[in-house]
2 protein chains.
Amino acid sequence: MGKCGGRWMTLFRGRFLHSVDSKGRVAIPQRFREAMGGEEDLRLVMTVDPEGCLVVYPEPAWVELERKWQELPQMNEDLKTYLRFMVGWASDGGLDRQGRILVPPPLREYAGLEHEVWFIGLLHKFEIWNGERLGMATGPEKVRAVTQKLSGLF
Amino acid sequence: MGKCGGRWMTLFRGRFLHSVDSKGRVAIPQRFREAMGGEEDLRLVMTVDPEGCLVVYPEPAWVELERKWQELPQMNEDLKTYLRFMVGWASDGGLDRQGRILVPPPLREYAGLEHEVWFIGLLHKFEIWNGERLGMATGPEKVRAVTQKLSGLF
DNA sequence: TGGCAAGTGGGGAAATGTGGGGGAAGGTGG
DNA sequence: CCACCTTCCCCCACATTTCCCCACTTGCCA
């Protein structure tokens with residue numbers, strides 16, 4: 001809900017299982033809608049993650065990211081590759097009156113979304129996963145391994 | 001939509017699959033037209049990118065680039081090579097009333113465009129890709145590698 | 001068990017992309 | 001200078017997608 005000390009406060013937590021209907025629509029979990037302030041004209045930006053899922057930002061948070069990217073050296077080839085990916089896949093849209101978004105076919109296909117999907121809250125953003133892929137990417141074993149390497153950070 | 005703090009605000013995002021018709025015309029995605037302000041007398045400048053795709057700027061943004069190039073040391077051989085490429089391939093044109101542009105045959109051939117093409121939004125410009133080439137240039141594996149190297153930038 | 005809240009499904013209007021015919025404009029060769 | 005040809009652009013018509021609205025089901029709580 002707006003800024004606080006220069007940082008966005010919308011915080012997403014938890015996991016929710018929802019379904020994609022035949023038109024490619026998915027209902028955003030009510031908790032997440034609340035976290036964004038429950039406003040009427042609520043817009044989201046959705047893009048892909050290299051891990052194989054979708055990432056969703058409230059539009060203001062995404063615009064902030066874009067602003068930062070614009071200030072970087074535009075000739076850098078690695079940056080161009082990165083932006084072709086992040087920005088090139090981005091899709092913005094609003095919610096319908098039932099709180100659903102339409103996931104465009106390319107994104108749906110990229111993330112392997114059909115029938116059932118998991119919403120995963122991730123602080124200032126959230127992700128949408130195919131169930132199987134989610135299991136592969138975030139099993140306890142994998143996390144145990146990763147935790148070791150993180151110990152220096154916090 | 002116009003200037004803001006000396007910087008153009010037209011921001012393109014997302015990817016759209018369109019087709020090139022038998023006359024060499026391609027429809028610009030409606031989202032991109034909106035981003036440029038939906039004006040009537042809307043002009044674009046199209047050129048090539050070393051990666052093998054086309055790059056398209058709204059004319060004002062392109063003019064701005066040309067202005068910067070003129071201020072650089074004209075004796076520099078590397079700059080000359082670069083400009084022969086960017087400026088030498090450039091083609092300006094307007095949209096027809098259906099929002100389509102005509103891609104000149106040399107550019108079409110350079111980028112390998114036929115039948116289906118992808119539009120990729122890239123902040124202040126957008127690109128037009130042959131589908132296969134796009135996959136090669138921005139697959140998830142490549143992006144993961146690149147992200148590592150970029151971590152110093154942001 | 002009634003009522004509300006949340007998620008699901010589907011119909012219909014509007015917006016968007018696609019394809020093709022015909023006329024104007026511009027370049028080329030006689 | 002004129003006739004021809006090509007290229008480009010404007011128009012209309014069609015198919016598909018997207019978005020907006022209303023109604024149903026399910027689960028939770030009083």
Side-chain angles (χ1 to χ4, degrees), chain A residues 12-46 54 56 59 90-109 113-121 126 128-129 131, chain B residues 12-46 56 59 91-109 113-121 126 128-129 131:
Chain A
F12 304 106
R13 288 195 273 272
R15 65 170 53 201
F16 304 88
L17 181 61
H18 281 189
S19 58
V20 189
D21 70 21
S22 55
K23 292 183 181 175
R25 294 174 300 186
V26 204
I28 305 292
Q30 172 62 13
R31 281 299 183 80
F32 290 180
R33 273 179 264 158
E34 279 168 19
M36 291 183 281
E39 308 288 331
E40 277 303 314
D41 54 343
L42 191 48
R43 293 189 69 79
L44 299 176
V45 181
M46 190 180 341
L54 303 185
V56 185
E59 194 176 54
S91 158
D92 52 352
L95 306 196
D96 72 14
R97 210 151 154 206
Q98 283 73 341
R100 291 176 292 194
I101 48 173
L102 180 66
V103 183
L107 289 170
R108 221 181 309 153
E109 189 185 340
L113 306 183
E114 37 181 5
H115 309 301
E116 311 230 293
V117 298
W118 283 98
F119 282 80
I120 305 292
F126 60 88
I128 307 180
W129 284 85
Chain B
F12 303 106
R13 9 177 215 257
R15 64 173 45 202
F16 305 88
L17 180 61
H18 282 188
S19 57
V20 189
D21 69 20
S22 54
K23 295 180 182 177
R25 294 175 300 183
V26 203
I28 304 293
Q30 170 63 11
R31 282 300 180 78
F32 289 1
R33 273 177 264 157
E34 278 169 21
M36 292 184 282
E39 308 287 331
E40 278 303 315
D41 54 342
L42 192 48
R43 293 189 69 77
L44 299 176
V45 181
M46 190 180 338
V56 185
E59 194 174 54
S91 153
D92 54 350
L95 306 197
D96 75 15
R97 209 144 155 209
Q98 280 75 346
R100 293 176 288 198
I101 48 173
L102 183 65
V103 183
L107 289 174
R108 217 181 312 154
E109 189 183 342
L113 307 183
E114 37 180 4
H115 309 301
E116 310 230 294
V117 298
W118 283 98
F119 282 81
I120 303 292
F126 61 88
I128 307 180
W129 285 84

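Sequence lines set the chain letters: A, B, ... in the order given, protein chains first and strands last, and positions in each chain run from 1. Computed from a predicted model, the values in this text were never measured in an experiment.
Side chain of B:R33 to backbone of B:I28: a donor-acceptor contact under 3.5 angstrom is found.
Summarising the local packing, CD of B:Q30 is surrounded by more than 12 heavy atoms from other residues, nucleotides or ligands at distances under 6.0 Å.
Residues B:G131 and B:W118 approach most closely at CA-CD1, 3.7 Å, considering heavy atoms. Summarising the geometry of B:G94 relative to B:I101, their closest heavy-atom pair is O-CG2, 3.8 Å, with the distance given to 0.1 Å. Smallest separation of non-hydrogen atoms from B:L102 and B:M46: O-CE, 4.3 Å.
Between the CZ atom of A:F32 and the C1' atom of C:dA6 there is a distance of 15 Å, given to the nearest Å. Atom-to-atom, CZ of A:F119 to P of C:dT8 comes out at 9 Å; the value is rounded to the nearest Å. Across the protein-nucleic acid pair, B:I101 atom CD1 and D:dC10 atom C1' stand 17 Å apart, rounded to whole Å. What separates CZ of A:R97 from C1' of D:dA23 is a distance of 13 Å, to the nearest Å. Rounded to whole Å, atom P of D:dC8 lies 5 Å from atom CG of B:L102. Atom CE of A:M46 is separated from atom P of D:dT18 by 12 Å (rounded to the nearest Å). One interatomic measurement links the two molecules: CG of B:L44 to P of D:dC9, which rounds to 12 Å at whole-angstrom precision.
Qualifying side chain to side chain contact (heavy atoms under 4.5 Å, CB included) partners for B:V45, counting only residues two or more places apart in sequence or in other chains: B:E59, B:W62, B:A90, B:D92.
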- Under 4.0 Å protein heavy-atom contacts per nucleotide of nucleotides 10-17 of chain C, with B for base, S for backbone only and - for none: BBB---SS
